[in-house]
Amino acid sequence: MATFQTLPGFRDFYPEDLAKRTHIFRLWRQTAAAFGFAEYDTPVLEPLDLYRAKSGDEIEGQLFGFTDKGGREVALRPEMTPSVCRLVGARANALKRPIKWFSIAEFYRYERMQKGRGRCFYQLNADVFGEPGPEAEIELIALLVQCMRAFGLTDKDFCVRLSDRMLWFQFLGSLGLDEPRIRSLLAAVDKHERSGDDAFKGYEESFGKIDDELKRRVLGFLGIRSFGALEQALGEPGVSAAVSGRLADWRKLLDGLGAMGLGDYIQVDLGVVRGLAYYTGFVFEAFDRKGELRALAGGGRYDDLVGRLGGPELPAVGFAVGDMTFALLLEERGLSPVVSQAPDVYCILGGEAERKAAFADINRLRAAGFRVDYPMRDLGFGKQFKAAADSGAKIALIYGGDELAKGIVKMRDLVDRTERDFPASGVEAAVRGFFEGG
RNA sequence: GCGGUCAUAGCUCAGUUGGUUAGAGCACAAGAUUGUGAAUCUUGGGGUCGCGGGUUCGAGUCCCGUUGGCCGCCCCA
C-alpha cells in the first residue's frame, strides 16, 4: 500500500483537510475584497534568476530548481514578491494608484520540516504599490488584523509587532556607522531575541570587538516597546534632528491604527527588524500572544524592489500570512472550522420503479441548488434511514411503493422525526418551503 | 547540513526473557431486517510488523544500515 508516499514535506489534502483549507481561503478572500484589494495570480514556475536578482545566489540552495528541456534554469516559486513586482512593474504607468492587490497561492521551499513549516505551503500575499506614506501601512496592517479576527481570533490571541528599518538605519547612521556595519548590526538585532548577546558574533568577526557604548545604545534601542520610549530615545544626545523627523510617520501610523480601533493589536517593538535586507521602512510581524508558534505573518515596506527587478521606481508595502502556522493557531484555540459537507436532502428509494420516479425530482432539486444524495444500490429501508441520518441531511424524501401508488412523496424531518405527505408534483416546492421557511 | 526521538490494520494501540498461523477497540462492509434512525448480535475485508541486511534452529522483538514522521538547531523570502 505505502509504496508511493508524498515527497517529504508535502501534504495530501483529504476532503476534511481541504474543507478546512478552503474555509480559511474563503474568509481571507472575502476580507481582502472588503478592503478593496484585487486578486491576481502568477505562474508556479519562474526563471531562477528572478529569485537570484532579489535575494542573491545563496537562495538557490533553498529552492526547488532544475533545468528545463529548453536548457532554462527554473524554480518553483518560493515567494510571491518578485512575481508581483514584475506584474506591477510592467504596467506601472497604466495602473490606477494606489495599487491594492492580493493573492492566495502555493509556494515551495527546499527546507527541513518543522512545526508550522513544510516544503510546500500556502500564503495570502497582500501589497500596496504607489503609496509612499504610512497610509499604505495602515491599510495593510488593518487588513492583516482583520484576516485573523475574521476567524474569531482576538487581541488576546495575537498581536502585530511593529518596527522600523529606516529608523534603525538613521539611528545607527547618526552614531557614525557606515552601511556595512549598520547591516551587520541589524542582522544581530534580528538574532538577538533568539541568541542573546551571541547575536553580535557575526558583527565582531567582521569589524572587531563591538564598542561597549555602541552595544549599550543598540541594546537600549532594540528594547524599546512603546512609542513613548521611542520618542524619549530619539531625544537623547548624539541623535540627529533628522532622525526624529521620522516620528511624524510613526505618529500618523499609530493614530490611524488607533482610529480603526486596532490599538490593542499593535505592539511597538524595535527588536523586530526582519532578516530581509530589502525592507526599507516599517516592518511588522504577527505572533501568537503565547509565543508558542513561529511567526504568523510578516511584512514591511520595500520601496526599492520594483526598480531593482527592472521596473520603475515604485514604493511598495506588503505582507504574507502562511497557512500552516495559522491553521495550528486556529486548531489550538478551538476555532478550526467544522465544515459540513452534508447533503440537504437524502432520498429513500423503495426499488427500481421508485428510483426512476425519484430521479426526476433529484435532478430538478440539484439543478435548483439543493444538495441531494441517495443510495446507489437498492438497500432495505432500515439501512436507508440510517444512511439518511448518518449523512447529516435535514430531511429525507421517501419514495416507497405505497407513496408511488398514491402519487405522493413523503418528507421526513430527520431532526424532529415528523413526516408529511406531498403530491409527487409538488416536491420541489415542498423542499423549497422547508428550507426557506426555516 | 546537524542533533534527539519514533515507525505493528484507515485511526488509537497491545504483543511477555526471541518461540506455533501477529491481536483488540474504533472505523469500514455484509447479514439478522421487503417501510422508519445513534442499540444489539453474527460475519467479513483489510498487515510482506516502514524498507534492506545481519545474528539465531527460530526475529514484530536483538544488532547494523536506510527511508520516512515528529521535535529542535542552522535558515526562515
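Just the heavy atoms: all of them, side chains too, but no hydrogens, waters or symmetry mates, feed the values below.
Contact annotation for A:Asp390: no contact, since no heavy-atom pair falls under 4.0 Å across all strands. In this structure, A:Arg117 reaches the bases: a heavy-atom distance under 4.0 Å links it to at least one base atom across the strands shown. Residue A:Tyr278 is in sugar-phosphate contact alone, with no base atom involved, counting any heavy-atom pair closer than 4.0 Å across all strands shown. Note on A:Glu285: nothing from the nucleic acid sits closer than 4.0 angstrom, heavy atoms only. Counting non-hydrogen atoms under 4.0 angstrom, A:Pro78 reaches a base of the nucleic acid. Note on A:Gly322: nothing from the nucleic acid sits closer than 4.0 angstrom, heavy atoms only. Base engagement by A:Asp413 is indicated by at least one non-hydrogen atom pair under 4.0 Å involving a base atom. Using a 4.0 Å heavy-atom cutoff across all strands shown, A:Arg77 reaches no nucleic acid atom at all. Residue contacts shown for A:Ile348 are absent, as no nucleic acid heavy atom lies under 4.0 Å away. Nucleic acid contact class of A:Gly61 (heavy atoms, under 4.0 Å, all strands): none.
For A:Gln114 and B:C73, the shortest distance from a side-chain N or O to OP1 or OP2 is below 4.0 Å. Taking only side-chain nitrogens and oxygens, A:Arg119 never comes nearer than 4.0 Å to OP1 or OP2 of B:G69. At B:C74, none of the side-chain N or O atoms of A:Lys191 fall inside 4.0 Å of OP1 or OP2 (strictly under the cut-off).
Here B:G37 presents its P atom at 8 Å from CZ of A:Arg417, a figure rounded to the nearest Å. Rounded to whole Å, atom C1' of B:U36 lies 5 Å from atom CZ of A:Arg412. Rounded to an integer number of Å, the gap from A:Ile398 CD1 to B:U36 P is 11 Å. Atom P of nucleotide B:G69 and atom CG of A:Asp12 are separated by 12 Å, given to the nearest angstrom. Atoms CE (A:Met324) and P (B:G69) sit 11 Å apart, rounded to a whole Å. For A:Glu419 and B:U36, the CD to P distance is 10 Å, given to the nearest whole Å. The interatomic distance linking A:Asp17 (CG) with B:C11 (P) rounds to 13 Å, in whole Å. Rounded to a whole Å, the CD atom of A:Glu79 is 18 Å from the P atom of B:C75.
Checked by atom type, the side-chain pair A:Tyr302/A:Asp127 shows a donor-acceptor distance below 3.5 Å. Side-chain contact of A:His192 with A:Asp197: a donor-acceptor pair under 3.5 Å is present, judged by distance alone. In the model, A:Thr31 has no side-chain atom that pairs as donor or acceptor with a side-chain atom of A:Gln146 under 3.5 Å.
A salt bridge is absent between A:Arg72 and A:Glu46; no separation between the charged side-chain nitrogens and carboxylate oxygens falls under 4.0 Å.
The ring of A:Phe385 does not lie on top of the base of B:G37; it is either too far (5.5 Å or more) or too tilted (30° or more).
Which of B:G35, B:C75, B:C70 sits closest to the side chain of A:Met113 comes down to B:C70.
Within the cation-pi definition used here (under 6.0 Å to the ring centroid, within 45° of the axis), A:Arg77 does not qualify as a partner of A:Tyr108. A cation-pi arrangement is not found for A:Arg294 relative to A:Phe121, the charged atom failing to lie both closer than 6.0 Å to the ring centre and inside a 45° cone about the ring normal. Figure legend: cation-pi geometry between A:Arg21 and A:Phe13, with NZ or CZ positioned under 6.0 Å from the six-membered ring centre and within 45° of its axis.
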Per-nucleotide pairing state of RNA chain B [Watson-Crick or G-U, under 3.5 Å; [ ] pseudoknot-crossing; | other strand]:
(((((((..((((.....[...)))).(((((.......))))).....(((((..]....))))))))))))....
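With hydrogens and angles ignored, the 3.5 Å screen pairs no side-chain donor or acceptor of A:Asn125 with any backbone N or O of A:Phe102.
A donor and an acceptor atom never sit less than 3.5 Å apart when one is taken from the side chain of A:Arg112 and the other from the base of B:C76. If you check distances only, the side chain of A:Arg109 never reaches the base of B:C76 with a donor-acceptor pair under 3.5 Å. Residue-to-nucleotide contacts include no donor-acceptor pair under 3.5 Å from the side chain of A:Glu111 to the base of B:G1.
If you find the closest nucleotide of RNA chain B to A:Thr81 and to A:Phe381, the one lying nearer the 5' end belongs to A:Phe381.
Ring centers of A:Tyr374 and A:Phe359: under 6.0 Å apart, within the cut-off.
Taking atom C1' in both B:C13 and B:U8, one finds a spacing of 9 Å when rounded to whole Å. Atom name P, nucleotides B:G25 and B:C71: the rounded distance is 32 Å, in whole Å.
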